[in-house]
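The chain is numbered in sequence order, starting from 1. Keep in mind it's a predicted model, so treat the numbers as computed, not measured. Counting starts at 1 for both ligands and their atoms, following the listed order. Keep in mind that the numbers below use all heavy atoms, side chains included, and drop hydrogens, waters and symmetry copies.
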Amino acid sequence: MIKKVLKFGGTSVGTIDRIQHVANIVSRECKAGNKIIVVVSAMAGKTDELIKLSQKIADDFNKRELDVLLSTGEQVTCALLTGALIRLNVKAKSWLNWQIPILTEGEHSNSRIINMNVNKINHFLNEGVAVVPGFQGISKDGDITTIGRGGSDASAVAFAKLLKADTCEIYTDVDGVFSSDPNKIPVAKKIDKISYDEMLELSSLGAKVMQSSAVQTAMMYDIPLQVRSTFTDRKGTIIFDQQNIDYSKSVTGVAYSKDDAKITLIGVEDKPGIAANIFEPLNKAQINVDMVIQNISSDQKTTDITFTIKRDDLLKTREILKINKKIKYKNITHNDKVSKVSIVGAGMVSTPGVTYKMFRALADDNINILAISTSEIKLSVIIDEEKTLSAVKKLHTIFDLD
Ligand code: ADP
Ligand code: ASP
Ligand code: MG
């Protein structure tokens with residue numbers, strides 16, 4: 001008997017018909033003799049709708065209450081799917097965060113699952129299907145928490161780990177992980193197998209088909225993941241340890257995100273400690289700095305420093321820089337109409353010339369590179385937001401991914 005965690009995303013449970021369709025998939029799995037834990041997201045668009053409602057009350061709606069509000073999305077799908085299963089004569093029962101309980105730590109809306117009591121669920125699996133909510137947990141003080149957007153993937157991996165499941169299947173609205181977003185790049189190809197490292201880079205750099213913290217946990221505990229479609233029977237993508245993967249291509253995928261902003265400090269004093277003085281207060285305010293470029297000063301006295309941050313942090317960052325007495329600069333500029341385009345591939349390690357090929361291709365299309373960052377298996381550039389899709393298409397083609 002195999003123990004499976006099946007996670008269904010928002011589109012998969014977006015309508016009553018779809019919930020009934022999911023109930024059929026679960027029923028089939030159950031009849032095949034498997035022990036099934038189903039993790040559900042809120043119906044598509046529900047979480048956004050709830051956020052908008054809160055903003056009608058206040059832009060800075062209380063964070064504790066926001067988590068209470070957002071967790072209702074997953075509560076609805078838990079009950080509807082369980083009801084649909086019972087109607088199909090499948091024994092099923094739902095549990096919410098506090099009933100299990102799913103223990104989290106960290107701030108509201110950005111908590112992490114650290115433990116859960118799996119006894120009740122494990123016991124029930126001998127009789128029927130357990131339906132549980134993604135995205136939500138409960139703090140040690142008993143407050144309802146949520147674990148970040150797209151967090152149901154991380155919930156599924158946490159259930160798989162703590163319930164010692166044999167497999168964790170992520171059912172979604174595409175056939176698997178593609179070489180780029182198939183809804184934007186129609187020539188993108190489905191990837192049959194991908195390593196945890198590459199998937200982690202892709203998802204952190206914008207491929208939202210898997211949430212990055214879910215991939216990170218799966219990698220840490222060696223939980224193989226399968227991403228597959230709710231709507232077709234096609235084979236999906238297996239995400240697992242990298243041995244056995246054929247790196248015949250240098251690049252596995254192209255990802256992009258539009259949530260960055262770029263700040264430039266012009267005419268900063270060029271002396272030891274200046275970078276530390278700029279970035280220390282940002283770090284204290286939990287602002288994540290991604291790329292940093294420092295120009296070589298021509299007069300040996302001043303320099304320009306450019307760095308990127310999340311777009312949501314732009315105002316806060318500018319405020320912090322303004323009141324920072326430890327740094328002097330002539331001017332500050334920012335650009336929030338930028339995007340980050342990245343190529344990812346474990347094969348890059350052994351292929352020379354990938355960097356040059358990427359820069360040449362962008363230059364040929366008159367795309368200006370505003371900042372660059374690299375790691376062993378990824379290369380990211382910041383470019384004008386307008387040029388995002390043409391850059392992604394171009395890179396997809398020149399790295400033989402079409
Ligand atoms: P779910 O609601 O099932 O969690 P998401 O919307 O979070 O689904 O993720 C699936 C979406 O991810 C797809 O519809 C697709 O547009 C997008 N996506 C972005 N990059 C990729 C990629 N490389 N491969 C597959 N899908 C991708
Ligand atoms: N419902 C949550 C969201 O929309 C969690 C999820 O769907 O994974 O972000
Ligand atoms: Mg998702």
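Between atom 3 (C) of ligand 2 and the options Lys7, Lys46, Arg149, Met43, the minimum heavy-atom separation is to Arg149. Closest heavy-atom approach to atom 2 (C) of ligand 2 among the candidates Glu74, Gln136, Lys208: Glu74. Closest to atom 1 (P) of ligand 1 by heavy atom, among Ile191, Asn183, Thr172, Ile194, is Thr172.
In this structure the side chain of Thr145 reaches within 4.5 angstrom of the side chain of His108, judged on heavy atoms.
Judged by distance alone, the side chain of Glu74 and the main-chain N or O of Ala42 form a donor-acceptor pair under 3.5 Å.
Residue contacts with ligand 1 include Ser180, since one or more of its heavy atoms lies under 4.0 Å from the ligand. Not a single heavy atom of Gly134 sits less than 4.0 Å from an atom of ligand 2. Within the structure, the closest approach of Lys7 to ligand 1 falls below 4.0 Å when heavy atoms are considered. Within the 4.0 Å heavy-atom cutoff, Gly176 counts among the residues contacting ligand 1. Using a 4.0 Å heavy-atom cutoff, Pro182 is listed among the residues neighbouring ligand 1.
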If you apply the rule side-chain hydrogen bond (donor to acceptor under 3.5 Å, both in side chains), what do you find for Thr351 with Ser250, and how did you get there? CA-CA 6 Å; Thr351 320; Ser250 52; 4.6 Å; no
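A perpendicular orientation is assigned to the rings of Phe307 and Phe279, their planes being inclined by more than 60° (bins at 30° and 60°). The aromatic rings of Trp95 and Phe124 sit perpendicular, their planes meeting at an angle over 60°, well past the 30° parallel limit.
With ligand atoms numbered from 1 in the order given, ligand 2 contributes 5 (C), 8 (O) to contacts under 4.0 Å with heavy atoms of Gly151. Those atoms of ligand 2 with a heavy atom of Ser41 less than 4.0 angstrom away are 6 (C), 7 (O), 8 (O). Each of the following atoms of ligand 2 lies closer than 4.0 Å to a heavy atom of Ser152: 5 (C), 6 (C), 7 (O), 8 (O).
A side chain to side chain contact (heavy atoms under 4.5 Å, CB included) with Gln294 is found for one member of Ile274, Leu265, Asp270 and no other, namely Asp270.
Side chain to side chain, Ser27 and Lys31 meet the donor-acceptor criterion of an N or O pair below 3.5 Å.
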